[in-house]
Amino acid sequence: MRIRTLFVFALVLLTARPSYPEDYDPQHTMLALNMAVVSVHRILAAQDRITLDQEYQNIINNLSLGNIRSDPEITRLYEKLMDVTSRKKLRSDEAEYIRKNFDEQDKKSISSALSDLGKSSASLAREEGSVKAFFGSIGRLISVSAATYFKYEASGSTLRGSLSENLYRLRAEDLADFNELQKQLLSSSWNLLNRYNLPDEYRLVQRAIDDFCRAIEETNTPSQKVRMLQALEDEFRVYPPYWYYRAKSAQDNGDPVEAEICYNKFAEVWRPVLRRDPYMLEAVKYRILQLVGEKGESLPTDDDTRSKLLTLCESMRDNTMRDDWVNNLFAGAVYYALGERDEGVRCVEINTDFGYELEVSSAILAHMREGVPAGFLLRETFRTLRLNEITAGLASADKKRVLTFADFLDGREGAIQALSEDRSNPAAVHALRVEAFRRGDSSAFGEMIALAEAQPVSGDGYAVILPLLRSYAEDENSTAQIFLADMYHYGFGVAKSRTLAMSYYRKAGDNGELYPQFMYIHLLLSKPESADKPKPQSPDVKPKPKKKPLIRFWPFK
């Protein structure tokens with residue numbers, strides 16, 4: 001009797017439908033079905049298991065059924081959809097291979113986007129590390145932090161070119177299953193349309209979906225995408241992803257007014273039918289950028305703006321997939337800049353705790369825990385990543401020297417003292433002479449010449465810091481440029497090169513440094529050494545007489 005009672009009770013639970021208010025919005029149901037229809041269509045169009053996996057993870061397996069009225073037809077379709085897709089999606093090892101490929105692309109993009117923040121010019125070193133400095137760079141981070149769902153869409157052809165066709169190509173029998181599934185989905189959308197007495201614009205048809213997928217292809221230019229999507233408005237006006245793609249295309253096409261209108265339409269027709277919505281995630285990031293300004297000119301100092309930004313951050317976190325490490329970083333950085341240190345740390349800890357990404361996440365997490373000012377957070381992270389790369393494989397003593405020189409190049413407190421304690425290292429002594437001469441001690445120039453006469457060409461002290469100097473010189477660090485110029489001029493650790501010395505002296509002189517201006521003019525007026533002399537000309541060609549330049553001022557800037 002007891003078993004029978006439990007069975008009846010379980011049956012009641014299984015068959016009971018959740019209660020919905022009388023004013024239930026049927027657009028929840030139609031939108032969930034339409035998103036499934038488009039997902040299956042994209043899988044068929046791509047004939048690609050990676051696209052299948054993306055659609056399964058981000059749309060099909062992500063539908064928020066709790067927000068959709070229970071319906072036998074929807075239940076049967078959903079079960080069939082899950083069955084077909086889960087049997088054909090990527091295996092765990094295949095998915096891991098694809099994820100690592102995306103991670104490498106993301107790391108390169110982040111390093112490129114943050115490289116400007118790693119520049120160590122005197123003006124940057126004097127910045128106060130304000131929130132404005134952080135939000136001034138936020139646009140670059142937004143540009144590379146697209147949700148995972150859109151990464152394959154943006155670079156699918158490039159990735160496919162590096163993969164075996166057997167890895168990503170769907171078989172003919174797989175396509176037949178999806179084709180049959182699509183027919184059932186389209187048929188059900190017609191039935192639901194009639195059941196809820198909805199206008200015909202709520203139903204997506206095959207031909208319109210074909211055109212929509214054609215419009216958002218990666219090969220189309222932004223202006224072409226805008227035109228094609230505008231032509232589809234009547235068929236897709238109540239489909240939120242349509243407004244997202246149209247807004248993004250307008251952004252890429254340099255039309256902020258059109259983008260704003262489209263993002264507003266997206267918010268108007270959006271419904272919470274996905275547990276974590278990649279479209280909403282991108283729309284939220286647009287709103288964050290809009291609030292702070294593309295160059296950080298609109299500071300979140302007032303309570304109202306700060307409150308809006310915190311609400312957006314919460315929405316962003318709610319719509320970010322756990323393994324989307326780039327957007328975890330982005331959300332954490334924005335929380336941190338708004339003074340919500342613990343929330344920022346928690347967002348980044350998701351990456352390190354689950355092992356989604358360790359190199360970049362560990363660097364930014366360490367600086368968050370140290371309490372680095374928000375304005376310097378991203379710059380310090382880039383610096384850490386760069387120094388980790390340069391010092392990889394070095395012995396501890398050499399690594400210490402490189403880090404000391406990095407502090408010297410960045411103008412950090414204590415660097416000069418650390419160099420003065422390493423006088424057995426000729427590179428450290430040279431650095432002290434350069435610093436003394438830049439501060440007006442003319443006797444340091446004579447000491448430098450004496451050092452040059454005594455210094456052998458292959459000095460280990462210089463060789464170990466050469467990669468660091470070149471990296472900083474590329475970022476227009478004038479101290480690194482002066483140091484490299486001296487090395488090529490005097491032959492400190494490198495072969496002498498008058499051409500390279502003059503090039504680096506000129507670059508540093510363009511930054512207003514007097515010492516490299518003096519050295520450039522000195523080399524310009526002096527005769528080149530034999531290694532740099534021009535090749536002899538034919539006796540039939542008379543060389544033109546050279547006029548000695550008369551230089552009264554720095555002629556370049």
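Quick note: residue numbers are just sequence positions, from 1. It should be emphasised that the depicted structure is a prediction, and the values quoted were computed from it without experimental measurement.
Taking the side-chain contact (heavy atoms from CB on, under 4.5 Å) definition, one finds that Ala406 meets it with Arg383, Leu387, Leu468, Tyr472, sequence neighbours left out. Checked against salt bridge (charged side-chain N to carboxylate O under 4.0 Å, His left out), Asp255 has no partners two or more places apart in sequence or in another chain. Residues that satisfy the ring-ring contact (aromatic ring centres under 6.0 Å, His included) test with Tyr202, not counting sequence neighbours, are absent from this structure. In this structure, Asp210 has no salt bridge (charged side-chain N to carboxylate O under 4.0 Å, His left out) partners at least two apart in sequence or on a different chain. Qualifying side-chain contact (heavy atoms from CB on, under 4.5 Å) partners for Asn62, counting only residues two or more places apart in sequence or in other chains: Leu274, Arg275, Arg276, Met321. Scored by the ring-ring contact (aromatic ring centres under 6.0 Å, His included) test, His28 finds Tyr24 as partners (sequence neighbours excluded). Partners of Glu260 under the salt bridge (charged side-chain N to carboxylate O under 4.0 Å, His left out) rule, at least two apart in sequence or in another chain, are Arg287. Contacts of Lys265 classified as salt bridge (charged side-chain N to carboxylate O under 4.0 Å, His left out), with partners at least two apart in sequence or in another chain: Glu268. Take Leu175 and apply the side-chain contact (heavy atoms from CB on, under 4.5 Å) test, not counting sequence neighbours, and it matches Leu44, Gln47, Leu170. A search for side chain to side chain donor-acceptor pair (under 3.5 Å) contacts involving Glu233 returns Arg246, not counting sequence neighbours.
By the 4.5 Å heavy-atom criterion applied to side chains, Asp323 and Asn351 are not counted as neighbours. No side-chain heavy atom of Thr320 sits less than 4.5 Å from a side-chain heavy atom of Phe330. Looking at Gln184 and Gln182, their side chains never come closer than 4.5 Å, going by heavy atoms from C-beta outward. Taking 4.5 Å as the limit, some side-chain heavy atom of Leu186 sits within range of a side-chain heavy atom of Gln206. Using a 4.5 Å heavy-atom threshold, the side chains of Leu329 and Val360 count as touching. Counting only heavy atoms from C-beta outward, the side chains of Gln230 and Val226 approach each other to under 4.5 Å. Contact annotation: the side chain of Ser471 approaches that of Ile390 to within less than 4.5 Å [non-hydrogen atoms, C-beta and beyond]. Using a 4.5 Å heavy-atom threshold, the side chains of Met316 and Val334 count as separate.
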Assess whether side chain to side chain contact (heavy atoms under 4.5 Å, CB included) is satisfied between Thr352 and Ser361, documenting all intermediate values.
CA-CA 7 Å; Thr352 57; Ser361 301; 3.8 Å; yes

Walk me through whether Tyr335 and Leu310 qualify under side chain to side chain contact (heavy atoms under 4.5 Å, CB included).
CA-CA 7 Å; Tyr335 267 124; Leu310 287 174; 4.0 Å; yes

As a quick check of understanding, evaluate side chain to side chain contact (heavy atoms under 4.5 Å, CB included) for Glu235 and Leu204, giving each step before the final call.
CA-CA 7 Å; Glu235 293 99 324; Leu204 300 183; 5.5 Å; no

For Leu281 and Asp318, run side chain to side chain contact (heavy atoms under 4.5 Å, CB included): C-alpha distance rounded to whole Å, both residues' side-chain angles, the deciding distance at 0.1 Å, then the answer.
CA-CA 9 Å; Leu281 171 60; Asp318 290 345; over 6 Å; no

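Taking the six-membered ring where the residue is Trp, Tyr239 and Phe212 present perpendicular rings, their angle passing 60° and hence far from 30°.
A salt bridge does not link Lys248 to Glu282: none of the charged side-chain nitrogens sits closer than 4.0 Å to a carboxylate oxygen.
Screening Asp277, Thr29, Asp25 for a side-chain hydrogen bond (donor to acceptor under 3.5 Å, both in side chains) with Arg271, the sole residue that qualifies is Asp25.
No side-chain donor-acceptor contact under 3.5 Å links Asn264 and Trp243. Of the N and O atoms on the side chains of Tyr263 and Gln251, at least one donor lies less than 3.5 Å from an acceptor on the other residue.
Between the NZ atom of Lys285 and the CG atom of Leu312 there is a distance of 13.0 Å, given to the nearest 0.5 Å. The structure places CG of Asn319 at 10.5 Å from CD of Glu314, a figure rounded to the nearest 0.5 Å. Going from atom NE2 of His41 over to atom CG of Leu185 covers 12.5 Å, rounded to the nearest 0.5 Å.
A cation-pi arrangement is not found for Arg237 relative to Tyr242, the charged atom failing to lie both closer than 6.0 Å to the ring centre and inside a 45° cone about the ring normal.
Among residue pairs with one or both ends in residues 325-346, those qualifying as salt bridge (Lys or Arg N to Asp or Glu O under 4.0 Å) are Arg306-Glu340, Arg317-Glu343, Glu343-Arg346; sequence neighbours excluded.
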In a table with atom names and distances, give each donor-acceptor pair under 3.5 Å that connects a side chain of residues 366-377 to protein atoms at least two apart or in another chain.
unit_1 : atom_1 : unit_2 : atom_2 : d
His367 : NE2    : Glu380 : O      : 3.3
His367 : NE2    : Thr384 : OG1    : 2.7
Arg369 : NH2    : Glu349 : OE2    : 2.7

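No donor-acceptor pair under 3.5 Å is formed between the side chain of Ser187 and the backbone N or O of Lys183.
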